[in-house]
Amino acid sequence: MMNRTALPSQRPTPGVPGSARGLPGRFRGPFARWPRAADAVLAAALFLAAVFLEEAPGDSLRVRPITDVPVPVLLLYAVAAGALYRRRNKPLVVLCVALLAWGPTLGSSYSTGGGFVIVALYATGRYAADTRGSRLGTGAGIAAAAAALVIEELLRSAPWGDIVFGAVFMAGAWYVGRRLRLRAGRAARLRQEQAAEARRIVAEERTHIARELHDVVAHRVSMMTVQAGAARMVAAENLQEAVDAMAAVEEAGRQALDELRHLLGVLRPDAQRDRLGPQPRLADLHQLVEQVREAGLDVTVTGGVQAVLPARVELSAYRIVQEALTNVLKHSGPRTRTEVRLSRESGGLTIEVLDDGRGTAVQSVSAAAHGSVPGHGIVGMRERAVLLGGSLDAGPRPGGGFRLAARLPTSGEPA
């Protein structure tokens, strides 16, 4: 019985927007949504800035006509801008090209290609492979960029303060890219770990469900064997009793086959068998409620189901209520007012468990999709519902507290 915060199940749930389950992702800017188009726009913008902007007195910029720029300089700008389009795939090559294009213009009024170098340094930190050769190349590129900057500023007789600031700025561009790369790597590893944990929880719950359904089927088959033996013994003396016994065998056989149909596809690894016997049903809820009341929970049960339901549905319903009440007791503590609502409508069983939220606050399931620690409880309950073709929703109530609602179809194919 783990915390109430849970990762989504691996199956999509109808009506729930999101990725595999439709959960909303984080904001993605144009460089993430359309990387090639964004890189082309960035390269074009830097090319135009290098061509048309030049330094003016007073540390200002002014626009110059394109006719004032020599053709060789235009070619250098074009080569550097074109290389930036490949900054994600070949960051070190792009850095070399940007430095080579900037070098011939150092100290002149056409030395406006430093922007290419700054973007290339960022791309090197963001996209360069984490290998020994790449690290050596990155170090050499940063050193070359710093040297070019020093030469540029010395030729312009700039003060040393400006030189140091420019060098730190260039190194900072690489550092920002490197930090973003490391953060993205950590986020990817976290997503993989969360997905692996969710798969493990689902597999564990499927194993548990398969074992319980196996016991249900085994119990019915045992009853069929006993009834068939009784029919054989009384057949010669009382034909009607034998017929009634065989009718009971027929009904039990149909139910067992129905349960087997839902059991197939749920992998049950070899494990020590639990005892054979009937599993808990909705009729046993009063015993469960008494147990949690003795533990200090203030529980009331409203509604009810009079009709006979398939054993798999009653078992899953009982387990969902049991898990939900255990979570209330664990996370909200004793004396929490809790209500269990049961209703039968339109071919399905609806279960609601609501509490008043006294005690520890709990995050919603949607918040869990943005990085909360996954819990076993809701993942397992949702898996039970989905295996029957139903659904489960859980989250905080607007006025405080927590609400869990499950709908379990009483007929039809499992999911």
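In this text the structure is predicted, and so the values were computed from the model without any measurement.
Under a 3.5 Å cut-off, the side chain of S134 and the backbone N or O of T131 do not form any donor-acceptor pair. Judged by distance alone, with hydrogens and angles left aside, the side-chain atoms of R64 form a donor-acceptor pair with the main-chain N or O of V51 at under 3.5 Å. A donor-acceptor pair under 3.5 Å links the side-chain atoms of T105 to the main chain of W102, judged by distance alone. Between the side chain of R86 and the main chain of V94, no donor-acceptor pair closer than 3.5 Å is present. With hydrogens and angles disregarded, a donor-acceptor distance shorter than 3.5 Å links the side chain of R397 to the backbone of D355.
When every heavy atom of L325 is checked against every heavy atom of L297, the shortest pair comes out as O-CD2, 3.8 Å. Residues R403 and A405 come closest through the heavy atom pair NH2-CB, 3.4 Å. Residues A385 and L392 approach most closely at CB-CB, 4.2 Å, considering heavy atoms. The heavy-atom pair separating Y77 from T112 by the smallest distance is OH-OG1, 2.9 Å. The two residues A129 and R181 come nearest to each other via the heavy atoms CA-NH2, 4.1 Å. Nearest approach of L84 to F116, heavy atoms of both residues: CD1-CD2, 3.6 Å.
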Evaluate the criterion side-chain hydrogen bond (donor to acceptor under 3.5 Å, both in side chains) for residue pair Q192 and R189; output intermediate values, then yes/no. CA-CA 5 Å; Q192 292 173 355; R189 288 193 297 272; over 6 Å; no
side-chain contact (heavy atoms from CB on, under 4.5 Å) between V328 and F402, worked out: CA-CA 8 Å; V328 174; F402 200 82; over 6 Å; no
Could you go through the side-chain contact (heavy atoms from CB on, under 4.5 Å) check for R312 and L315 one step at a time? CA-CA 5 Å; R312 62 182 180 276; L315 174 61; 5.8 Å; no
CA sep, side-chain torsions, deciding dist, call: L190, R186, side-chain contact (heavy atoms from CB on, under 4.5 Å): CA-CA 6 Å; L190 179 60; R186 286 194 297 269; over 6 Å; no
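Taken from CD in E323 to OG1 in T326, the straight-line distance is 6.0 Å, to the nearest 0.5 Å. With values rounded to the nearest 0.5 angstrom, E383 atom CD is found 4.5 Å from L387 atom CG. Rounded to the nearest 0.5 Å, atoms CG (D356) and OG1 (T338) are 7.0 Å apart. How far OG1 of T336 is from CG of D298: 9.0 Å, rounded to the nearest 0.5 Å. Annotation: the span from L285 atom CG to L342 atom CG amounts to 6.0 Å, rounded to 0.5 Å. A distance of 5.0 Å separates CD1 in I320 from CD1 in I351, rounded to the nearest 0.5 Å.
Side-chain contact between L282 and L349 is present, with at least one heavy-atom pair separated by less than 4.5 Å. Side chains of T138 and R178 form no contact here, defined as non-hydrogen atoms less than 4.5 Å apart. Residues V117 and L149 form no side-chain contact, since every pair of their non-hydrogen atoms from C-beta on lies 4.5 Å or further apart. At a threshold of 4.5 Å between non-hydrogen side-chain atoms, the residues R281 and D284 count as touching. Side-chain contact between N327 and M381: present, with at least one pair of heavy atoms (C-beta onward) separated by less than 4.5 Å. Residues L154 and V150 are in side-chain contact: their nearest non-hydrogen atoms beyond the backbone lie under 4.5 Å apart. Between L180 and Y127 the shortest side-chain heavy-atom distance does not fall below 4.5 Å.
Evaluation of the side chain to side chain donor-acceptor pair (under 3.5 Å) rule for R341 yields E339 as partners, not counting sequence neighbours. The side chain to side chain donor-acceptor pair (under 3.5 Å) check on R36 picks up N89, with sequence neighbours excluded. By the side-chain contact (heavy atoms from CB on, under 4.5 Å) test, L48 is found to be paired with F52, residues two or more places apart in sequence or in another chain being considered.
For the 3.5 Å distance criterion, the side chains of Q194 and R191 fail to qualify, holding no donor opposite an acceptor.
Residues R200 and E204 are paired through a salt bridge, judged by an N-O separation under 4.0 Å between the basic side chain and the carboxylate.
Put simply, the residue from V119, L121, L100 that forms a side-chain contact (heavy atoms from CB on, under 4.5 Å) with L95 is L121.
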